[in-house]
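Computed from a predicted model, the values in this text were never measured in an experiment.
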Amino acid sequence: MNKNKDYQLKYYEKDHAYLDYQDTHFVNHVVDHTIKKAGLMKRDKILEIGAGSGRFTIPLLKKRFHITALELSKHMAERLKKAARPYLGRLSVVNKDLFSVSKKWDKEFDVILGFHILHHIDDLKSCFQSLHCMLKPEGQLIFTEPNILNPLYYVQLLVEKDMTWQGEKGYVNLRKMYLKKLMQKAGFKNIRFTRYGVLPSFLANNRLGAWIEPKLEKLPFPPMKLYLCIQAQK
């Protein structure tokens, strides 16, 4: 096991309240944006990688989507099962490594998605190859990641005691041209990048923030947007 993967596993064997599902504007905004951008349909067979304890999985389940949730950490997978108990009829939790299931799930899914997970994966080249393998023909990939051009993420690293550079250093891989090159080599097409979100969660999750954020998003300052939406098609 490489050092970073070992670090990530140890980190996620601890309880982190901010990773648990909460019905907030921030969470709903990210999930709704994903649904709209991907054009998700109830009949889609959906894989979420790095599902964690369900921060973004549960809102999808509440909207009656069926999800296969892939999670490397046994601790987080168990927390997800517990949190999503009312929705288990629409959820399958798989506690495995991405690379160990890619051949088993060859051409299995209509959509593969993830939230703030790619920057935790060291080998993105193999990651995109595996994801391409698991998608059905014309299947779709969609991820939300930090927009590394926004300085707030680096401020957060300094002030948030639960975050470290060791755990988040994959930020440096979230460069559009770098990601596009890897995705093209894996066989993806129609690769698109868009930025959205303006207010950090502690501001967005109050009534005023939830009201003003959609208006601020229309302003033409893409480098200051918080999130990078990555889309591609097989």
Side-chain angles (χ1 to χ4, degrees), residues 1-14 16 18-19 26-27 30 33-34 47-57 69-77 95-102 112-134 141-186 188 191-197 200-201 222-232:
M1 183 179 294
N2 65 55
K3 289 183 179 180
N4 189 51
K5 184 177 177 180
D6 187 38
Y7 178 90
Q8 300 284 353
L9 273 175
K10 288 180 179 178
Y11 178 81
Y12 289 111
E13 288 305 314
K14 303 174 184 177
H16 302 282
Y18 78 95
L19 294 175
F26 157 68
V27 168
V30 171
H33 183 275
T34 298
L47 171 68
E48 180 187 0
I49 71 166
S53 55
R55 190 181 194 185
F56 300 101
T57 318
L70 184 65
E71 174 52 47
L72 177 63
S73 164
K74 182 178 180 180
H75 178 70
M76 298 297 277
N95 176 212
K96 295 279 187 180
D97 182 278
L98 167 67
F99 305 113
S100 71
V101 297
S102 59
I112 298 177
L113 51 79
F115 305 93
H116 294 256
I117 184 63
L118 289 180
H119 70 278
H120 292 299
I121 298 174
D122 281 340
D123 189 354
L124 285 177
K125 178 181 177 181
S126 297
C127 170
F128 287 129
Q129 290 171 344
S130 295
L131 298 178
H132 189 272
C133 173
M134 293 190 289
L141 191 71
I142 182 164
F143 287 89
T144 287
E145 290 292 322
N147 171 18
I148 61 171
L149 298 180
N150 192 310
L152 286 178
Y153 280 105
Y154 306 99
V155 174
Q156 185 181 27
L157 271 175
L158 292 173
V159 302
E160 175 59 63
K161 64 179 182 179
D162 236 9
M163 297 178 72
T164 66
W165 179 246
Q166 175 67 21
E168 308 295 332
K169 63 183 180 181
Y171 281 173
V172 300
N173 293 324
L174 299 178
R175 307 183 308 277
K176 292 198 295 184
M177 293 309 297
Y178 176 70
L179 293 173
K180 185 175 182 178
K181 182 178 179 180
L182 292 180
M183 295 167 82
Q184 286 176 330
K185 284 187 175 181
F188 285 101
I191 301 167
R192 305 180 299 283
F193 300 92
T194 54
R195 297 186 180 100
Y196 71 102
S201 58
M224 297 306 294
K225 301 291 174 65
L226 282 168
Y227 316 118
L228 178 68
C229 179
I230 304 161
Q231 288 180 268

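The CD1 atom of Ile230 lies 9.5 Å from the CD1 atom of Ile142; values are rounded to the nearest 0.5 Å. The CD1 atom of Ile112 lies 4.5 Å from the CE atom of Met134; values are rounded to the nearest 0.5 Å. How far NZ of Lys181 is from NZ of Lys125: 9.5 Å, rounded to the nearest 0.5 Å. For the atom pair CD1 of Ile121 and CZ of Phe99, the computed distance is 6.0 Å after rounding to the nearest 0.5 Å. Atom CZ of Arg195 and atom NZ of Lys176 lie 4.5 Å apart (nearest 0.5 Å).
Using a 4.5 Å heavy-atom threshold, the side chains of Leu131 and Leu98 count as touching. Residues Asn173 and Leu182 have side chains not in contact (no heavy-atom distance under 4.5 Å, counting atoms from C-beta outward).
Remark: Ser100 pairs with no residue by the side-chain hydrogen bond (donor to acceptor under 3.5 Å, both in side chains) rule, at least two apart or across chains. For Tyr153, the ring pair (Phe, Tyr, Trp, His ring centres under 6.0 Å) criterion is met by Tyr171, not counting sequence neighbours. Looking at residues two or more places apart in sequence or on another chain, you find no side-chain hydrogen bond (donor to acceptor under 3.5 Å, both in side chains) involving Tyr227.
Residues Met224 and Asn150 share a closest heavy-atom pair of O-ND2, 2.5 Å. Leu179 and Leu124 get closest at one heavy-atom pair: CD2-CD1, 4.0 Å. When all heavy atoms of His120 and His116 are compared, the pair lying nearest together is CD2-O, 3.4 Å. Across all non-hydrogen atoms, the minimal contact from Leu228 to Pro146 is CB-O, 4.1 Å. Shortest non-hydrogen contact noted between Thr34 and Phe115 is OG1-CE2, 3.3 Å. Thr194 and His33 get closest at one heavy-atom pair: OG1-CE1, 4.5 Å.
With hydrogens and angles ignored, the 3.5 Å screen pairs no side-chain donor or acceptor of Asn95 with any backbone N or O of Leu70. Under the 3.5 Å distance criterion, the side-chain polar atoms of Glu145 are matched with a main-chain donor or acceptor of Leu118. Judged by distance alone, with hydrogens and angles left aside, the side-chain atoms of Gln231 form no donor-acceptor pair with the main-chain N or O of Phe193 at under 3.5 Å. For Glu71 (side chain) and Gly52 (main-chain N/O), a donor-acceptor pair under 3.5 Å exists by modelled atom type.
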**OP:** Could you walk me through whether Glu48 and Ile117 pass side-chain contact (heavy atoms from CB on, under 4.5 Å), step by step?
**Re:** CA-CA 10 Å; Glu48 180 187 0; Ile117 184 63; over 6 Å; no

Subject >> Criterion side-chain contact (heavy atoms from CB on, under 4.5 Å) on His119 and Ile148, from CA distance to verdict >> reply: CA-CA 11 Å; His119 70 278; Ile148 61 171; over 6 Å; no

Original post:
Checking side-chain contact (heavy atoms from CB on, under 4.5 Å) for the pair Ile191/Leu141: CA distance, chi angles, key distance, verdict?
Top reply: CA-CA 9 Å; Ile191 301 167; Leu141 191 71; over 6 Å; no

**OP:** Carefully, step by step, assess Asn147 and Tyr196 under the rule side-chain contact (heavy atoms from CB on, under 4.5 Å).
**Re:** CA-CA 9 Å; Asn147 171 18; Tyr196 71 102; over 6 Å; no

